[in-house]
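As structure tokens, the structure follows; a few thoughts come after it.
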Amino acid sequence: MVSPASPDAHAITALFGAVFWMALAVFLLVEGLLVFIVVRYRAWGGEVPREVHGHTPLELTWTVVPTLILAALTVLTLQTMSALAQGHREELAVRAVGQTWFWEFQYPGGVTSTRVLRIPVGKMVRVEVASRDVIHSFWAPELGGKTDAIPGTVNTAWLQADHPGTYKGQCVEFCGFGHSLMLLEVVALEPGEFEVWLKAEQARLGASSAPERGAQAWSP
Ligand SMILES: [Cu+2]
């Protein structure tokens with residue numbers, strides 16, 4: 001997820017970066033003060049601290065500053081969430097069906113594949129994320145956030161790859177014994193190449209028997 005390759009993933013990584021740097025600043029400040037105090041007021045040869053009860057400016061500071069930090073994080077998060085919730089113009093729809101323990105992908109014209117999802121580069125793909133049994137979760141980190149696959153309902157994920165390539169992903173909701181094997185790959189092809197592949201698969205589908213179609217679905 002630190003090497004984003006889609007517009008949505010860029011937005012998520014930017015938010016992650018903001019949270020990371022703020023958290024790092026807080027960490028360094030808190031740990032720095034802790035070390036300073038441990039050394040300065042150590043039991044052997046250190047100073048004896050002055051006892052203070054009630055320190056209004058200090059108490060205001062440690063109330064107001066975290067409030068401002070959390071408010072900033074809230075605003076950034078809501079901005080990113082609302083940006084990710086809109087502005088997707090569907091150019092292709094596919095369905096990703098989770099099942100113990102593999103992913104099946106369904107394309108227009110009845111074409112299916114397992115484990116490998118092919119998409120055209122630069123096109124906005126709507127992925128209908130569904131499940132046949134238990135809860136799974138679809139995630140290709142370089143291309144966007146996680147989307148749960150919940151039995152009885154269909155969730156939407158949006159994928160748009162910036163450049164051709166293979167983007168690894170996997171089921172990210174523990175779903176049983178074979179969960180760790182429930183890998184997936186999003187292969188982004190040039191749009192022309194994708195069309196050729198889809199047409200060829202559709203033709204192959206029309207000309208094959210049910211067992212052949214089964215074998216076809218299982219070959220990546
Ligand atoms: Cu799963």
Side-chain angles (χ1 to χ4, degrees), residues 1-13 15-16 19-20 77 80-81 83-85 88 90-121 123-189 194 197-198 201-202 205 210-220:
M1 67 151 294
V2 290
S3 55
S6 81
D8 285 6
H10 280 288
I12 293 171
T13 304
L15 177 63
F16 173 78
V19 173
F20 175 81
T77 304
T80 307
M81 285 171 71
L84 292 182
H88 298 108
E90 175 186 331
E91 291 169 284
L92 172 73
V94 297
R95 184 172 272 243
V97 183
Q99 165 164 342
T100 48
W101 291 283
F102 64 94
W103 290 98
E104 179 187 285
F105 301 109
Q106 301 168 354
Y107 308 81
V111 173
T112 59
S113 66
T114 51
R115 202 180 63 85
V116 177
L117 169 62
R118 286 176 180 79
I119 60 169
V121 168
K123 302 277 187 213
M124 186 55 80
V125 181
R126 180 168 62 85
V127 185
E128 301 169 352
V129 182
S131 169
R132 285 209 176 93
D133 39 44
V134 297
I135 300 176
H136 303 276
S137 191
F138 177 89
W139 195 31
E142 289 153 294
L143 298 179
K146 301 169 185 172
T147 306
D148 279 354
I150 297 169
T153 188
V154 175
N155 286 329
T156 302
W158 294 96
L159 292 181
Q160 183 183 351
D162 293 337
H163 24 254
T166 299
Y167 303 95
K168 291 194 182 302
Q170 89 169 93
C171 176
V172 280
E173 181 71 55
F174 180 65
C175 56
F177 186 70
H179 168 66
S180 62
L181 304 172
M182 200 167 157
L183 307 172
L184 64 101
E185 256 172 31
V186 180
V187 175
L189 303 169
F194 176 81
W197 171 80
L198 189 60
E201 290 296 301
Q202 285 166 348
L205 199 59
E212 283 167 350
R213 284 200 295 278
Q216 184 182 341
W218 277 92
S219 60

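Computed from a prediction, not measured in an experiment: that's the story for all the values here. In each ligand, atom 1 is the first atom listed, and ligand 1 is the first ligand listed.
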Among N, O or S atoms, H136 approaches the Cu ion (ligand 1) most closely through ND1
With rounding to 10 degrees, what does the angle C171:SG / the Cu ion (ligand 1) / C175:SG come to?
120°
Taking 2.8 Å as the cut-off, does an N/O/S atom of H179 lie below it from the Cu ion (ligand 1)?
no
Do R115 and W103 have side-chain heavy atoms sitting under 4.5 Å apart?
no
Evaluate the side-chain proximity of L159 to L117: yes if any heavy-atom separation is below 4.5 Å, no if none is.
yes
Examine S137 and say whether one of its N/O/S atoms is closer to the Cu ion (ligand 1) than 2.8 Å.
no
Assess the residue pair D148 and S137 against the criterion (side chain to side chain contact (heavy atoms under 4.5 Å, CB included)); give the C-alpha distance rounded to whole Å, side-chain angles, the decisive distance to 0.1 Å, and a yes or no.
CA-CA 4 Å; D148 279 354; S137 191; 2.8 Å; yes
Using 30° and 60° as the class limits, which term best fits the ring planes of Y107 and W197: parallel, tilted or perpendicular?
perpendicular
